[in-house]
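One structure is given below, encoded as structure tokens.
First the proteins, then the strands, lettered A, B, ... as listed; each starts at 1.
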Amino acid sequence: MMLPERYDPKNRELFWLSVWEKNNTYKFDSSTKKELFTIDTPPPTLSGMMHIGHSYSYSQTDFVARFQRMLGKEVFYPFGTDDNGLPTERLVEKLKGVKSSEMSRSDFVSLCLKTLNELHPSFVGDWKRLGISCDFNILYSTIDDHSRRISQRSFVELWNSGRCYRKESPTIWCPECQTAISQVELKDNVLKSQFVNLKFGLESGGNILIATTRPEMLPACVGIFVHPDDSRYKNLVGKRARVPLFKHFVTIRADPRASMVKGTGIVMCCTFGDQTDIEWFKAHNLELKIAITRDGKMTEIAGAYAGLKIMIARKKIVEDLKSAGLVDGLKDIEHSVNVHERCNTEIEIIQSKQWFIKYLDLKEKFLEQGRKINWYPEYMRSRLENWINGLQWDWCISRQRHFGIPFPVWYCVKCDEPIVASAKKLPVDPLETGCPVKKCSKCGYSKFVPEKDVLDTWATSSLTPRISTELFKGKPIFKKLYPMTLRPQAHDIISFWLFNTLVKSFLHDNILPWNDAAISGWLLAPTGEKMSKSKGNVISPQVLMEQYSADALRYLAASSKLGEDMPFQEKMLVTGTKTITKIFNAIKFSVPNLGAYDGVKPSKFSIVDSWALSKLQHVIEASTESFLVYEYSKSLREVDSYFWQIFCDNYLEIVKDRFYNKNNYSDDEIVSAQFTLYHLTLSILKLYAPFLPHITEEAYHFFHSGKENVDSIHRTSWPVVNKRFFDKESEECGDVLVDILSVVRKFKSNKHVSLKTPVKELHIHCEDLHKELIGKIEKELKSSTYSEKIVFSKNVDTPCDRFAIEVGVVLGQSSPISSLPS
RNA sequence: GGGCCUAUGGUCUAGUGGUUAUGACGUCUCCUUUACACGGAGAAGGUCCCCAGUUCGAAUCUGGGUAGGCCCACCA
């Protein structure tokens, strides 16, 4: 076979992608008898393109998938896209220039579906281009009928088991998106605000001061609290105060939730400013006064301010308070506030009817489940526990949005009793399908209205282990697929996706969704900060794959430790590219010298061959162990250092002479070299294959594929340690050779002469034990140092690194050396 | 305020009780050798964040600082 001069990743990577696709190289065999390795692939949110964080974390999972496949397991590696709910709505609104609030639900939904269909092929194409070895036929979307059925079924089951409830209660609300959201969708933003001290007039005369950052909540003020132990204010308890500007009276009460040290120590309670307000409201049976509408404006109770947006109302009210002399101190502050993570809008707490999954009573069980998972790295579990311990709300699963999976629910017009669809009739959209019952079982009335709300996207994506595996429902393998082996994901969504999946599996099946959780880190901007569009520091993986190669991008992803963030550095792509080139060249050199290799073992191995083979066993052992616990970067490091330092820099240099000057060697020595070279190159390619699937496939087909009779390196078996190759004596012997070689190279380098400069006499001083070893490798020592003669003498000046051996070099040449070209 | 993680030559990084402290990039010197100059051989460059302790011995273990990051809570 004529080997190309250079490796052209741009063409060859695409070539191999098409070959893999044609040959179904990564197809999951559902009739397999092999051990299974099942992966709960994260479904990326369908946006225009894969971003660099995706290329980073999906590569890491792919290393594991390819390794496990080579280990001989049948890898179940599906691919899904998450494409419903708010992120998708925002994407479609942006791309199509529409507003969902100005469209009918059915029009908007069909526009969403149409847009998703347009985006899907090139979006998924990016993952394929990166060489991700999913079986892309095991494909799902969290909005398709299959997912709808499973998601709605989950709701129905939880309703039947009493875990779902619908209740009018204070709910976290985003005025911008105009929907209820859940605790997990909150994040902190530091915003500028004003801290205002307000004068409340006591009914009995005099004033008290109350500090607030939200004076616009005054119309909804329903109570005032002081701490029961606060001696300053004991006399106030039971009295009434007049709310400034709005002039209604509220009662002052004692409650331990009021802090003595915050603000003035007197706090007002409004329905609802924050979480504590809800607690007071419930504990003291306070009146409900709603000051803020669902779209973030003031209600009628705000009187003159009704209809104004919150921020405008706040400003006006402060001005009016000031001019009325009701403000005693005002300062600008920065404080962190809860905002909706999708749109950065400050959230409100609004009284509304929502669906919840009741789970606060199960915190202990969830902690228990979390402890049963094998976490990689181990410490990531504490993030889950931290989250569970901090849970304060049941899971609100209803969203007042258009594009999502509908609740399969109707309500009796008369008594509001929910009628939930039968699990057999799913999926269903109640807006399009009539209520399945004729009469309300509670009141007998016969008119119903459909639920308009849709499910939280996490209520669906938390079912991915069911969604992907149920694609095989009805086949014998189905039962074996779930629970799954591995959940790979990044650390930022432990409290979302990981926790929610744990919850659903527990509630439905009382099992763990997977045995292992491997948590990856983030690829950061070169400066060490998060990449984000707003900072303008986003790097495109598509451009990098074009400029370098998919393999190089994967190499970068392999260099970070599991779970740790890593700053992006372009030089890693250069290092990856160099490795790719080196592999190509090393194999290109080896192949012609393997010409006569026919699989026959030599009757005796040359020592240098045993040295390289023995060292290889250590690498296989360490690399495999690391891979089994998802420490792919350690695995790569092992292979890298063996390949560069032992194989290329030394073994190949030493063994060359046997190919160039065959006459100086016995047949056994030649056969030994060929066998060893074949074995080493094949093993190296296999060890690199999970990381660099394209170049290893390319190089494998130069020669090895013909001997191995397996049409892809990715279908060959992972190297196993062959204990017979462990050879301590040869290892030491080879190390001695390399050490002496290194001294000679150093000498020549210092003399500024070529490493090929002949050595007239190589003087060595050492113990008898080493003399014996050196005798065994004399031929290799002479050829690799270009020495004419080896002399044991005390005429030496340089010690070796690792051994008690000293070396002296006499340059020059008394007669032509046979191994040099003329 | 709580939890967790991190701190190693200019940069990134390996290293869970004894190493001359790893490798890569960068810098400098040399070598154009029939796999590769996207290569090879060398060199320079480190108070392993600080303090205390455990130990014969600490980059590594313990405690206390300092700095950074992530998650959570508070947000009167």
Just call it for [X]: base, sugar-phosphate, or nothing, with non-hydrogen atoms closer than 4.0 Å on any strand.
{"X": "A:Lys751", "value": "nothing"}
{"X": "A:Met572", "value": "sugar-phosphate"}
{"X": "A:Ser259", "value": "base"}
{"X": "A:Thr276", "value": "sugar-phosphate"}
{"X": "A:Trp280", "value": "base"}
{"X": "A:Lys588", "value": "sugar-phosphate"}
{"X": "A:Asp801", "value": "base"}
{"X": "A:Thr213", "value": "sugar-phosphate"}
{"X": "A:Asn338", "value": "base"}
{"X": "A:Gln392", "value": "sugar-phosphate"}
{"X": "A:Arg381", "value": "nothing"}

Span that lies between the P atom of B:rA73 and that of B:rA67, in whole angstrom |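 After rounding to an integer number of Å, I get 25 Å for this pair.
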
Write down the distance between [atom1] ([X]) and [atom2] ([N]), rounded to a whole number of angstrom.
{"X": "A:Ile695", "N": "B:rC38", "atom1": "CD1", "atom2": "P", "value": "17 Å"}
{"X": "A:Asn593", "N": "B:rU34", "atom1": "CG", "atom2": "C1'", "value": "11 Å"}
{"X": "A:Asp565", "N": "B:rC5", "atom1": "CG", "atom2": "P", "value": "14 Å"}
{"X": "A:Leu524", "N": "B:rG69", "atom1": "CG", "atom2": "P", "value": "11 Å"}
{"X": "A:Trp393", "N": "B:rC72", "atom1": "CH2", "atom2": "P", "value": "16 Å"}

ring-ring contact (aromatic ring centres under 6.0 Å, His included) with A:Phe691: which of A:Tyr555, A:Tyr632, A:Phe627?
->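 It is A:Phe627; the other options fail the test.
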
Looking only at the side chain of [X] (C-beta and beyond, no hydrogens), which of the listed nucleotides [options] gets closest?
{"X": "A:Tyr379", "options": "B:rA35, B:rG40, B:rC5", "answer": "B:rC5"}
{"X": "A:Phe195", "options": "B:rG40, B:rA76, B:rU29", "answer": "B:rA76"}
{"X": "A:Arg637", "options": "B:rC5, B:rA43, B:rA14", "answer": "B:rA14"}
{"X": "A:Trp644", "options": "B:rG39, B:rA76, B:rC31", "answer": "B:rG39"}
{"X": "A:Leu652", "options": "B:rG15, B:rA35, B:rG40", "answer": "B:rA35"}
{"X": "A:Ala586", "options": "B:rU13, B:rG42, B:rA35", "answer": "B:rA35"}
{"X": "A:Lys561", "options": "B:rA41, B:rG15, B:rG39", "answer": "B:rG15"}
{"X": "A:Thr575", "options": "B:rC72, B:rU11, B:rC25", "answer": "B:rC25"}
{"X": "A:Arg383", "options": "B:rC74, B:rC70, B:rC38", "answer": "B:rC70"}
{"X": "A:Asp188", "options": "B:rU29, B:rC74, B:rA76", "answer": "B:rC74"}

For [N], give the paired nucleotide (Watson-Crick: N1-N3 plus N6-O4 or O6-N4; G-U: N1-O2 and O6-N3; both under 3.5 Å), or none.
{"N": "B:rA41", "result": "B:rU29"}
{"N": "B:rG18", "result": "B:rC56"}
{"N": "B:rC70", "result": "B:rG3"}

Looking just at side-chain N and O atoms, do A:Tyr548 and A:Glu570 make a donor-acceptor pair shorter than 3.5 Å?
-> yes

Answer yes if the side chains of A:Asn664 and A:Asn661 hold a donor-acceptor pair under 3.5 Å, and no otherwise.
->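 Side chains of A:Asn664 and A:Asn661: no pair found under 3.5 Å.
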
For the side chain of A:Asp565 and the backbone of A:Trp522, is there at least one donor-acceptor N/O pair under 3.5 Å apart?
->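 Yes; judged by distance alone, with no hydrogens or angles, the pair exists.
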
Does A:Ile646 offer a backbone N or O that forms a donor-acceptor pair with the side chain of A:Asp649 under 3.5 Å?
->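 Not a single qualifying donor-acceptor pair exists.
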
Should [X] be listed as having a side-chain N or O under 4.0 Å from OP1 or OP2 of [N]?
{"X": "A:Lys582", "N": "B:rG39", "answer": "no"}
{"X": "A:Lys530", "N": "B:rC70", "answer": "no"}
{"X": "A:Lys571", "N": "B:rC12", "answer": "no"}

Within 45° cone and under 6.0 Å: A:Lys363 NZ/CZ vs A:Tyr359 ring |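 Because its charged atom misses either the 6.0 Å distance or the 45° angle limit, A:Lys363 does not stack over A:Tyr359.
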
May I ask you to verify whether the side chain of A:Asn386 and the base of B:rC4 hold a donor-acceptor pair under 3.5 Å?
->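 By the distance-only test, no, there is no pair.
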
Looking at B:rC38, does its base get a donor-acceptor pair with the side chain of A:Thr581 below 3.5 Å?
-> yes

Map A:Gly528 and A:Ser590 onto RNA chain B by nearest heavy atom, then report which one ends up closer to the 5' terminus.
-> A:Ser590

Mapping A:Pro567 and A:Ser749 to their closest nucleotides on RNA chain B, which lands nearer the 5' end?
-> A:Pro567

A:Glu5 CD: over 12 foreign heavy atoms closer than 6.0 Å |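 No.
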
